[in-house]
Protein chains: 2
Amino acid sequence: MVDTSPSLGRSPSVKDVAAAAGVSLGTVSNVLNRPARVSPETRSRVERAMADLGFVRNESARQLRMGTSHTLAYVMLDASNPFFTDVAQGIELAAEGADISLFLCNSNNSAAREESHLGHLMQQRVQGILLTPVDPESATIDLVAGRGVPLVLVDRKRDDERYCSVAVDDELGGRLAIEHLVDRGHRRVAYVGGPEKLGQVRDRLAGARAAWADAGLLAAHLTVLPTQALTVGEGRGAGERLAGIPASRRPTAAFCANDLVALGLLQQVIGSGRSVPGDVAIVGYDDIYFAAAAAVPLTSVRQPRQELGRTAAELVFAETEPDHLHRQVVFQPELVARASTTGPSSGPSKGPSKGPGKGPGKG
Amino acid sequence: MVDTSPSLGRSPSVKDVAAAAGVSLGTVSNVLNRPARVSPETRSRVERAMADLGFVRNESARQLRMGTSHTLAYVMLDASNPFFTDVAQGIELAAEGADISLFLCNSNNSAAREESHLGHLMQQRVQGILLTPVDPESATIDLVAGRGVPLVLVDRKRDDERYCSVAVDDELGGRLAIEHLVDRGHRRVAYVGGPEKLGQVRDRLAGARAAWADAGLLAAHLTVLPTQALTVGEGRGAGERLAGIPASRRPTAAFCANDLVALGLLQQVIGSGRSVPGDVAIVGYDDIYFAAAAAVPLTSVRQPRQELGRTAAELVFAETEPDHLHRQVVFQPELVARASTTGPSSGPSKGPSKGPGKGPGKG
DNA sequence: CGTTCTTATTGAAAGGTTTCAATCGCTGAA
DNA sequence: TTCAGCGATTGAAACCTTTCAATAAGAACG
């Protein structure tokens, strides 16, 4: 053990430091908080004593006295989804500047865990909570906000003036994906995703349908392949169902509700000896790190993840200002085209391209 | 008359609850901590008052008085690496049972951030710290442990009796990978990874070399392709260098120091029109979720990630016991064979397979 | 020398919780 | 009637920090 300090049985307090330095405890506190008010000699004497004793400020006591804490918390929906860790990174960037440390909690898609985390955080009197909720309509949210804890919803919105939120326009994202596929000459497309109770899944589909209609295409030619969840396994399953559709009616492209589903679909297509985008073009959603790293790099709708986090942090800081008006910030997604739609054998392989699109080609 | 309106300007304290319920504050505390000691009527009266006022225990005050906290922290090296989020999940499982909440901090490979996080955590008097350090030999670690904070190193070890640690036998992992490749008939293999200062990179290579020698193969035929970091991009670069080696000397398989590198390599190989495992068989390391989800599912050395986290949490709880002896727990990795080595056209495509391996085939 | 002004330091109070010895109100026994 | 015994309740102290009015010690000035 490297125990340089005089063993005290407990960690040293300002009082111990004061005694060691031969000053009053008020002076020690001044050294910590208003060093300019203390004469240089005294200050260095106190600093020496602190170093000798291995003094560490007791944050609980500080917080109790001050009433404010130096922590912000992000209760994330799924820590193993790279999307959310990127959002967290954005938050951290914003917090860093404010000398605030970020407390990440993982609700792991469980409402019970989310509630437990929120309870703990309220007891800790954190400065603010950022939350991507399991269910945006949950009453727990009202409870937390009702207690006066600054709260910002992240990547979810709620038609409710009482909350700040940051989200991305999922309908626009759906439009972008479909416009891109139509541009590349696809006239039969599958939308892969579910369950429908997820707002994201619904909104992206709505955008897709709107764009499809705007292109003057037949509604029936935009097939929906529902999934139970947005996972790789479900994507694989959807791939099998897709392959089962008779060639004459089979979509030449798939727009997946997120990248995990898209990766699963990609895996199934390649694994069964077909090619991407030759046999099926694929568009994912989120543009996670692994989308670009896939065997066939994935075209995907990118959300400004870090920006999302950074903005959420700023909003939560603003919550404490007097007369604060809650804001719903909505970001615009952006399509990132890669080989899974623009690859060497892009575009539908049969049938004339009668649309106004650029048609097949390397792009 | 009891004032049920929660608007008090500050959040209600036990004192407020006591006043509202017409009891002393000691009784309120008893209701919270030893409900059996309070008569049923009184208890329900107090509980009612707490609900009416929206009372939330102030954790700072509690902690100040008690000296113990209910939080455990995991300072992780890289929150965007699925490996660490899985470890975190294991920790959380163990913490859940102990009514302790887990505080995740991301050092993001920065020593400065790591230090800042550790400082904050010490001030918070967390119950214990789990740490995957940027540098296992850093003096900061001694400092923290010297202050008496329970500390366990995760996925890193240190030849030092003063710390508990949990790690995985990287040398064995290296052996497993090479034995698998030799079994499948490969006689020229590349080890892809770096920088060498990472203990993991060194140990895995050492194991690989040992297994290679044990198989009676020529040391020179185990090529090392160094990388700057363990990322997808570096893996792609290594793939290009691999392709540049004259066919006569070119390795027929690659063992990558982690899955990110392996995925990059896979992408480069597939992207340039060659096949896996036909032209190059690939073994990764970590068996992250995306390894199985790759276009060609990746053979990988799996580490018991959740187990790692769970055990680390148990060790940190044990730290507070008197006469605690620090333990270094080492887990055994396990090879998970998938298509990237056992696929339809597995095994080296040219030259007779003179080894005792199962040879090419579907496996 | 007395006064005022400045600067450095001090001591006590406050913040919300838990603990523990002390007290209260009863019941049953002597 | 008094007293011990018992369970329920109480009040004050302690945890550590920050704040702020008060004090002390000089310095500048008349």
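Chain letters run A, B, ... following the sequence lines, proteins first, then strands; residues in each count from 1. The shown structure was predicted, so the numbers you read here are calculated from the model rather than taken from an experiment. The figures here come from the full heavy-atom set of this structure, side chains too, leaving out hydrogens, waters and symmetry mates.
- When heavy atoms are screened at a 4.0 angstrom cut-off, A:Val28 is found touching no nucleic acid atom at all.
- Atom pair B:Arg57:CZ and C:dG15:P shows a separation of 21 Å (rounding to whole Å applied).
- Atom CZ of A:Arg37 is separated from atom C1' of C:dT10 by 14 Å (rounded to the nearest Å).
- Between the CG atom of B:Leu64 and the P atom of C:dT18 there is a distance of 11 Å, rounded to whole Å.
- Residue A:Leu118 forms a side-chain contact (heavy atoms from CB on, under 4.5 Å) with just one option from A:Ile129, A:Ile141, A:Leu143, A:Val149, and that option is A:Ile129.
- Taking only side-chain atoms of A:Ser24, from C-beta outward, the nucleotide of C:dG16, D:dT10, C:dG11 with the closest atom is C:dG11.
- Listed nucleotides D:dC15, D:dT18, C:dT17 differ in distance to A:Leu32; the shortest reach to its side chain belongs to D:dT18.
- Distance CD (A:Glu59) to C1' (D:dT17): 10 Å, rounded to an integer number of Å.
- Checked for salt-bridge contact, A:Lys197 and A:Asp135 miss the test: no charged N lies under 4.0 Å from a carboxylate O.
- Between the CG atom of B:Leu25 and the C1' atom of C:dG15 there is a distance of 13 Å, rounded to whole Å.
- Overall bending of the helix from C:dC1-D:dG30 to C:dA30-D:dT1, expressed as the angle between end axes built from five pairs apiece, is 70° (10° steps).
- Nucleic acid contact for B:Thr27: base, since at least one base atom lies under 4.0 Å from a heavy atom of the residue.
- Looking at heavy-atom distances under 4.0 Å, B:Ser29 makes contact with a base.
- When distances are taken from the side chain of B:Met66 to each of C:dG16, C:dT19, C:dT17, the shortest belongs to C:dT19.
- Of the residues near DNA chain D, A:Ala61 and B:Arg45, the one whose nearest nucleotide (by heavy atom distance) lies more toward the 5' end is B:Arg45.
- Residue A:Ser60 has no polar side-chain atom (N or O) positioned under 4.0 Å from OP1 or OP2 of D:dC16.
- Residue B:Thr42 is in sugar-phosphate contact alone, with no base atom involved, counting any heavy-atom pair closer than 4.0 Å across all strands shown.
- As a whole-Å value, the separation of B:Gln63 CD from D:dA14 P is 21 Å.
- By the 30° and 60° cut-offs, the orientation of the rings of A:Phe103 relative to B:Phe103 is parallel.
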Show me the donor-acceptor pairs within less than 3.5 Å that the side chains of residues 70-77 of chain A make with the rest of the protein, sequence neighbours left out.
residue: A:Thr71; atom: OG1; partner: A:Ser69; partner atom: OG; Å: 3.3
residue: A:Tyr74; atom: OH; partner: A:Thr132; partner atom: OG1; Å: 2.8

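- Residue contacts shown for B:Asn30 include a base, since a base heavy atom lies under 4.0 Å away.
- When rounded to the nearest whole Å, the span between CG of A:Asn58 and P of C:dT17 equals 16 Å.
- In this structure, the side chains of A:Asp142 and A:Arg162 come closer than 4.5 Å at one or more pairs of heavy atoms.
- When every heavy atom of B:Arg43 is checked against every heavy atom of B:Val38, the shortest pair comes out as NH1-O, 3.5 Å.
- With hydrogens and angles left out, the side chain of A:Arg65 and the base of D:dT17 share no donor-acceptor pair within 3.5 Å.
- With salt bridges taken as basic N to acidic carboxylate O contacts below 4.0 Å, one links B:Arg310 and B:Glu314.
- The two residues B:Val14 and B:Phe55 have their closest heavy-atom pair at N-CE1, 3.6 Å.
- As rounded to whole Å, 13 Å separates atom P of D:dA8 from atom CZ of B:Arg34.
- For the pair A:Ser13 and D:dC15, the criterion of a side-chain N or O lying under 4.0 Å from OP1 or OP2 is not met.
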